[in-house]
Amino acid sequence: MKTIKITFSSLALLLTQLVASAEISSASINVNLQEEKAPVPPTLYGIFMEEISHAFDGGIYAELIQNRSFEEGVLPPGMKLVKKPDGALKLELTSLPASVPTNRWDMPWPWFMGLGWDTNRALVGWSLLQEGGAKGEMQLTEANPMNAASSRSLAMTITPSEDATGRVALVNSGYWGINVQAGTSYKLKFDLRPVSYEGQISASLESDAGKVLARHDFDPVTAAAAWKEFTATLHATGTDPHAHFVLSFRGQGGLQVDWVSLFPPTYKNWPNGLRPDLAKYLADYHPAFIRYPGGCYVEGYSWEQAPDWRRMVCPPEDRPGMWGYWGYRSDDGFGYHEYLQFCEDIGAQACYVTWAGMTAHPDDNVPLEQLGPVIQRTLDAIEYAIGPVTSKWGAVRAKMGHPKPFPLKYVEIGNEHPPAIYGDYYKKFREAIKVKYPQIVVIMSMFWSGLNEAAIARVGDTNIDMVDEHAYHDGAWIRSHFDYFDHYPRKPWNIYVGEYASQDHSGDWNGALGDSVYLMMLERNGDLVKMASYAPLFANVNDRNWGVNLIEFDASRSFAHASYYVQEVFNDNRPDVNLATTVAVQPTNSNQLLLAGRFGLGAWNTLNEFKELRIYDENNKLVFSDDFKTLDNWDTPGTGHWQVENGVLKQTDASLAPAMLFLKSFKLEKGRVTLQARRVGGIEGFQMLFGTSRPERGVVCNYGGWGNQKSAFEVLLPSDIITKVNGDVQGPISNERWYDVSLVLTNDSAEMLLDGKRVSTVKAEVEPAFFATAGYDRKSKLVVVKATSYSSQSVQAEIQLVGVGKVGAVGKHIVISASSQSDENSLDNPTLIVPRELPLTNCAGRFSVELPPYSVNLFRIPATIK
Ligand code: AHR
């Protein structure tokens, strides 16, 4: 089988000119104020938070000490370590459920490499320092644990030196550094069991160069068998964004340490709270809801390992934490309670994703008849959030300091479970929830792109409140599917797009342009799509699990990708209702030669021969011919080994995929190509190549492609041309037989033939480069127009308001733009792409505005409806 990737990169070397272009110079946006369309739901813009890429621990959860309770190396429950044939360790279930074939447990996700495990991870974050002749040892121990939640602590022995500077110190690097700022106070807490230790203990924050930035000396410690808590506030007098924490022992004896925790000031000053800069991005977005805590994170690998909120509604020290789906441990400090608190703090509704009793492995599910306790766990979660203080879990909430109910409105059952049987799980959960909490919207999870029809059928449309369809598309898909939801079936349930993100590079401007168009698609289908949230939200740049993320950070800095600003501006300017809007652009690109370009011949690990090449124009006039007496017409040497012999062009190297040879100067625009071709060895048939106009572009007439199984067009046009291929001919190309092959080309279509019979057709069209929607904000009496232009030149847009009453001349034009589609915000340049305001003083029933190149635009036009 061939892979398109190889073909692209090889082709890219050969191709240069530009043929089709999405450029436009002007546009008209016609908005009819008399024709209201779907309402834009106030719930549309939300947030999805998942523990991925250190989003929580080492991210928004403000704790500065990594591996604070020394539990990082603890295996997740229900799992064991086994050695692979190459000696590496991997995680497996302790016992495979009967439904799981023993040879099939390996996770399907390739990036986990079979859940590898590194035993060195147990002490991640920690190191030992020995200075001035003092000696120390440290090792993890399970003896005399600090409490029931902590299975491990660190045992140390300290041997002093004569030297007054001698110390043994336990050093924590934080999450790739600790951000220490002069003038800031840090709250420290740790637990010690000074079994035989006697002496001094001090805590400090130190720079890499060893400069002490903050220090606290504790009273001398005497030996004791019991655990004792130590607290202090470290006042920083110096700054280092990559400092580390040091617990120094100047004394002698053995001791155990556990639960070393250091907090900077937090968002709204909550104890056990959040990192202010990261929390602020979310608060500033004014999300209608927050989905939490996953994502795949919710699924777990074993039944026991799936996240359980009940472990997280107690003091942080009593939370056992868990090694999670994305390959690292979370202390669960930002737990269910803190999540609900954060929702309340920023005025968002909670959307809690509960474990469905189905793990990440499609065969490993709690049998339906044993689902009772899993459902009860979910009912208890709801009770914790909104039950009265007299209820069991409402009382626990009150004990946690929050007697009032939290704003929980949505519960989603599991995440991305493709099997049809998931429908039965959803149904059971929903039935149980509705009995007690009819007001809760129970969300059914779908997979990537589209509906899980089989699962929906098992539930029945009227038994579903909302479905969560995930949408990881690239920009090209989005641009060519602007009407995707327009044609969606309207059913008794609504749609939540729980995860979307244009998958272009690592979150560049092109991706954000795509997201703006996607959001317009959602807004204008507000009768159907009620909620949406981008994913993933956060990534620590030192340990990313996912390519395209919204907000990235290190220990001291953070930045939002351009898509964040697009979403923020869209949400801040969300109209109440859509207005009928039409868009026309000039030029329309209708006569472009979309498939024109160089012409070539090719092979894929195959020896072929070609003869009698003829090319006719659209009036059937012969415009080019070659009887292969020489290679003069060809751009030699090409790739492969090409030679002519007795009027036959031969490719004689079967090791190359692809082998290609292009005509030197002839440009194939439209018309007809005829040729004779045969294969004489190798694994496939033969190829004609055309439309080869620039890197990553071209169309292949692939005869006997895909391992000589079928003939069809293969299109390599990933950017601004949309193509649709129809038809193929199944079966191989035989050896040693000459075939008549031909190609018929028009402006925007092609047909390939074999022995006079049609094999396949392809239709091309220029991807739209301009999108707009409009709506009305009733309270502020504003027409809100959103317009995205992919054009590399400014676009003069005329906005016409049909059926308008009075128009105020002074409006607002908010624009986000970049000088290139690949521009991107970064830690070093965090505000390269941010919204700015341009003057808008000529608003009227019909007026003209200029849209910068590559721009997302938002117009607020004061206007009444006639
Ligand atoms: O957002 C990252 C992951 O993508 C989520 O965990 C999962 O739900 C989806 O597949």
Side-chain angles (χ1 to χ4, degrees), residues 46-60 107-112 115 282 287 289-301 305-307 322-328 330 334 339 351-362 410-419 422 425-426 443-452 455 466-474 477 495-507 511 514-515 518 531-541 543-553 560-561 563-564 567:
I47 278 176
F48 165 44
M49 300 179 89
E50 174 172 22
E51 178 59 295
I52 177 174
S53 304
H54 290 273
F56 298 175
D57 281 24
I60 194 166
M107 287 300 302
W109 298 88
W111 53 80
F112 281 109
L115 288 183
L282 310 192
F289 64 89
I290 304 179
R291 177 178 184 243
Y292 159 104
C296 297
Y297 184 75
V298 164
E299 299 163 27
Y301 296 118
Q305 189 234 0
M322 182 69 79
W323 188 87
Y325 181 95
W326 294 103
Y328 59 90
S330 167
F334 179 61
Y339 152 67
C351 173
Y352 177 63
V353 187
T354 191
W355 186 53
M358 303 180 89
T359 69
H361 193 287
Y410 309 93
V411 172
E412 180 164 356
I413 312 304
N415 176 69
E416 294 182 351
H417 300 290
Y422 164 72
Y425 283 71
Y426 170 80
I443 301 172
M444 183 173 182
S445 177
M446 304 284 109
F447 197 61
W448 285 24
S449 305
L451 299 172
N452 184 345
M466 191 177 263
V467 304
D468 172 9
E469 165 175 338
H470 295 173
Y472 293 101
H473 301 296
D474 60 21
W477 185 95
I495 288 195
Y496 166 35
V497 184
E499 301 178 23
Y500 71 85
S502 174
Q503 298 297 290
D504 294 284
H505 310 112
S506 52
D515 290 327
Y518 191 74
M531 298 159 63
S533 43
Y534 187 97
L537 175 70
F538 283 134
N540 188 313
V541 296
D543 196 15
R544 288 191 188 87
N545 291 115
W546 198 267
V548 182
N549 305 282
L550 195 63
I551 297 164
E552 301 198 34
F553 52 85
H561 282 281
S563 181
Y564 168 85
Q567 294 170 46

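Every heavy atom of this structure was used, including side-chain atoms; hydrogens, water molecules and symmetry mates were not. Remember, it's 1-based here, ligands and their atoms both numbered in the order they're listed.
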* By number and element, which atoms of ligand 1 are closer than 4.0 Å to a non-hydrogen atom of Glu499? -> 1 (O), 3 (C), 4 (O), 5 (C), 7 (C), 8 (O), 9 (C)
* Can you sort out which atoms of ligand 1 are near Ala535, meaning under 4.0 Å from one of its heavy atoms? => 1 (O)
* Any Tyr325 heavy atom less than 4.0 Å from ligand 1 -> no
* Asked: Parallel under 30°, tilted from 30 to 60°, perpendicular over 60°: which one fits the rings of Tyr472 and His470?
  -> perpendicular
* Quick one: do the Glu416 and Trp448 side chains pair a donor with an acceptor below 3.5 Å? -> yes
* Structure fact -> Any heavy atom of Tyr297 under 4.0 Å from ligand 1? The part involved is neither
* **Among Arg291, Glu50, Met446, side-chain contact (heavy atoms from CB on, under 4.5 Å) partner for Asn415** => Arg291
* To do: Could you list the atoms of ligand 1 found under 4.0 angstrom from a heavy atom of Glu50?
  => 1 (O), 2 (C), 5 (C), 6 (O)
* Under 3.5 Å: N/O of Gly295 near N/O of ligand 1 -> no
* Atom indices of ligand 1, in the order listed, that fall short of 4.0 Å to a heavy atom of Asn415 -> 7 (C), 8 (O)
* Asked: How are the rings of Tyr496 and Phe289 set relative to one another: parallel (under 30°), tilted (30 to 60°) or perpendicular (over 60°)?
  -> perpendicular
* With atoms numbered from 1 as shown, which atoms in ligand 1 lie under 4.0 angstrom from a non-hydrogen atom of Pro536? -> 1 (O), 2 (C)
* To do: Assess the side chains of Ser445 and Tyr426: does a donor N or O sit below 3.5 Å from an acceptor N or O?
  => no
* Is the Tyr292 ring parallel, tilted or perpendicular to the Phe334 ring (thresholds 30°, 60°)? -> perpendicular
* To do: With ring-ring contact (aromatic ring centres under 6.0 Å, His included) as the test, would you mind laying out the steps for Tyr325 and Tyr301 before giving the verdict?
  => CA-CA 7 Å; Tyr325 181 95; Tyr301 296 118; 5.1 Å; yes
* Under 4.0 Å to a heavy atom of Glu416 - the qualifying atoms of ligand 1, by number -> 7 (C), 8 (O), 9 (C), 10 (O)
* Of the backbone atoms (N, CA, C, O) and the side-chain heavy atoms from C-beta on, which set of Trp326 has a member under 4.0 Å from an atom of ligand 1: side chain, backbone, both, or neither? -> side chain
* Any side-chain heavy atom of Met49 sitting closer than 4.5 Å to one from Phe538? -> yes
* Structure fact -> In ligand 1, the atoms that come under 4.0 Å of a heavy atom of Trp448 are 9 (C), 10 (O)
